[in-house]
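Here the structure comes first, spelled out in structure tokens, and everything after it is commentary.
Reminder, nothing fancy here: chain letters follow the sequence lines and each chain counts from 1. Computed from a predicted model, the values in this text were never measured in an experiment. Both backbone and side-chain heavy atoms feed into the values below; hydrogens, waters and symmetry mates do not.
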Amino acid sequence: MRVSQFFLSTHKETPAEAEIVSHRLMLRAGLIRQLARGIYTWMPLGLRVLRKVERIVREEMNASGAIEIAMPAVQPAELWQESGRWDEFGPELLRLKDRHQRDFCIGPTHEEVVSDIVRQEVRSYRQLPLNLYQIQTKFRDEIRPRFGVMRAREFVMKDAYSFHADVESLERTYRAMVECYARIFTRLGLKFRAVAADTGAIGGTGSHEFHVLADSGEDAIAYCPDSDYAANVELAEALPPPGPRGNAAAALTRVATPGVKTIAELCAFLAIPAERTVKAVVLDGADGRPVLLMLRGDHELNLAKVAKLEQVKRPLAFAAGETIRARFGAGPGSLGPVNFKGVVIADRTVAAMSDFVVGANVDDHHLTGVNIGRDFPEPVAADIRNVVAGDASPDGKGRLDILRGIEVGHVFQLRNKYSRALNLSFLDETGKSRLMEMGCYGIGVTRIVAAAIEQNHDERGIIFPRAMAPFELALVPIGAAKNPQVRATAEALYRDLAAAGIDVLLDDRDERPGVALADMELIGIPHRIVVGERGLKTGQVEYQGRRESKPQLFSLHDAVKSVESMVCAD
RNA sequence: CGGGGUGUAGCGCAGCCUGGUAGCGCACUGCGUUCGGGACGCAGGUGUCGGAGGUUCAAAUCCUCUCACCCCGACCA
């Protein structure tokens, strides 16, 4: 491709709203352009990237025995009413009416449609298992789209749905999909991790998320460097500390702590580490009365874990200020378990602490030397915090570390949540009608592009992994306008490289060198050849990898071969 | 939905407080010089000042309503 015949639209300046680096670079490089909030046009350059990702996903899905299908974006309300999700899905489901005032929606996911197809077509265990997938535009009317295509309302997803006669078959396909995903992200050249995930509202037995690792990622992943343990922090279990609780040594003492509201202020005021403090969080209880949760000062509450406690009200609600004052006699910042008559749930770490500091239930006062059993009744002990780096790995094989990641894939064993709702039955070997087992497997195709940039960039722009780069090689003649030999050499090289099957972009714009080089770097082309007067004097061209800081010289004679070896080694 | 913010040229912004002929930089067009790391000179085009209503002799500026977008909270690929 020649730049003069392409539609390159790079920008020096970025729209003010772009917050994260991938969004800024995607706009600056002209990969995408916003049409409305969370809705983007994929410009020609961006589309090339998207198509390369799609191709790899498609090839690996096909190789894993999945069959491609294309389902409609617009779906009738009846199917969604049948599954119950017309009401359950809420405002995220974009609804519309046709000219006859019939209700439709734009598909945010396709369990209903694919189930409808399968229940009509599949009658016998002999037709199972079946794994159908599509790569298609979805619409979810997100409350708050942000970060460009990272969290868009309209986005491209690869969604697959598998159907099985029994759980063993489901588990086989599930494993095949996990392996398929690992191959996809490996081929895309991304650093990633598969982690055990919370099955959340869907339930079921197994679920894994695939995260592209990036410091800016929204999700925290706990993993054990000494084993293969990896889980979303939401799910990772914080084990009880080893050994028995320490003996009470200090006397219970009330100290005035004027103006102290946060743990940081408390630590500064008393000159103690956060590990010796306990913070109190009050939620509405299942019986309507507040429940006191106790956490070590430096730990974070894990709402997913708390939501599983029987003592709390669902959906979770932090207790209102008036409720707290009425029950504790003090405001948030001064709360504690001593003299509190109600349910107290202590994190396992807190349950093993002694001589700690906690709010006194008197405004602007704390208690020091607090001990469980002596100063207040033994609380319910539960795992209610996020794990932190250094915690023992739940598999007992070492200590946890925390990484940040961007969720780009999610696989679920749905079991028969939908097969029951939509009556997906088949006849087994004995002629008995049974419900199918189902799995579903998603990949955020558009999100992958943003995640890849988030993981691979520098101050000059994007550094695409080869597999998803819009072009493999940039060919930049310098001074072609005044030196016909430079132009002729570049043109000849362009033909030869293209003939050798290299996806090359020739910058034939006669731009100044700085502009041309900066553009090629911004759009993230992984390899570059510069043809200039300087090199031609000695029959050479300059090669430079996008991550390298210095060029190397290739002899013009075997430039194509040299380039091939660099590109293929990538 | 609640809280905060911004809407002025394709992009980034000033002007608004204190009403009086709509500006700057980048980008764009033409000519010339330059050109191995985002050049320079000269000339030029570009605006429903988000929209509607109001106050006023006069509104980008003040008031009311409205729309869009951005940021902070519950969702998710």
Side-chain angles (χ1 to χ4, degrees), chain A residues 9-20 23-24 27-28 30 33-39 53 57 88-93 108-110 135-160 181 197-198 200-202 209-212 218-219 232 234 303-304 307 315-318 405-412 440-451 460-461 476-483 486 509-522 528 530-537 541-542 544 551:
Chain A
S9 49
T10 56
H11 304 274
K12 265 197 207 172
E13 286 166 309
T14 328
E17 73 268 12
E19 253 201 307
I20 60 168
H23 189 196
R24 277 200 296 273
L27 290 168
R28 279 195 57 209
R33 206 178 162 91
Q34 181 176 347
L35 180 65
R37 71 191 308 238
I39 299 177
V53 175
V57 171
E88 273 172 31
F89 221 92
E92 225 173 281
L93 183 67
T109 176
H110 279 66
I135 297 174
Q136 195 229 26
T137 299
K138 301 272 187 277
F139 195 95
R140 294 185 189 173
D141 202 353
E142 295 272 354
I143 296 167
R144 196 150 95 74
R146 62 184 137 169
F147 306 146
V149 298
M150 190 79 85
R151 178 173 314 209
R153 291 195 291 175
E154 188 175 300
F155 61 100
V156 176
M157 177 160 123
K158 187 286 297 174
D159 48 326
Y181 277 31
D198 193 348
I202 298 186
E209 293 169 352
F210 284 78
H211 287 260
V212 166
E218 282 193 276
D219 294 301
N232 194 307
E234 290 214 326
L303 291 174
L316 294 182
F318 289 98
I406 299 162
E407 186 187 348
V408 289
H410 202 157
V411 292
F412 269 109
C440 75
Y441 319 91
I443 286 183
V445 177
T446 38
R447 182 180 280 182
I448 283 176
V449 179
R460 293 175 179 221
V476 184
I478 284 183
K482 66 169 187 185
N483 187 331
V486 169
R509 292 179 296 180
D510 285 337
E511 274 290 356
R512 299 174 64 83
V515 174
L517 298 175
D519 269 350
M520 296 303 117
E521 284 162 352
L522 174 62
R528 181 178 84 195
V530 169
V531 179
E533 209 170 39
R534 222 158 57 185
L536 287 187
K537 282 180 187 155
V541 293
E542 287 162 36
Q544 191 173 330

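- Counting non-hydrogen atoms under 4.0 angstrom, Q34(A) reaches the backbone sugars and phosphates but no base.
- Here A52(B) sits opposite U64(B) as a Watson-Crick or G-U wobble pair (both hydrogen-bonding atom distances under 3.5 Å).
- D510(A) places its CG atom 18 Å from the P atom of G38(B), with the value rounded to the nearest Å.
- Counting non-hydrogen atoms under 4.0 angstrom, G532(A) reaches a base of the nucleic acid.
- Taken from OH in Y181(A) to NE2 in H410(A), the straight-line distance is 10.0 Å, to the nearest 0.5 Å.
- In this structure, the side chain of R153(A) engages the main chain of R37(A) through a donor-acceptor pair within 3.5 Å.
- Nucleic acid contact class of R534(A) (heavy atoms, under 4.0 Å, all strands): base.
- Annotation: C31(B) and G36(B) have their C1' atoms spaced 26 Å apart (nearest Å).
- Between R146(A) and C72(B) there is a side-chain polar atom (N or O) within less than 4.0 angstrom of OP1 or OP2.
- Counting to the nearest Å, the P atom of C70(B) and the CZ atom of R151(A) are 13 Å from each other.
- When both distances must be under 3.5 Å, the Watson-Crick or G-U wobble mate of C11(B) is G25(B).
- Across all strands, G30(A) comes closer than 4.0 Å to no nucleic acid atom at all (heavy-atom distances).
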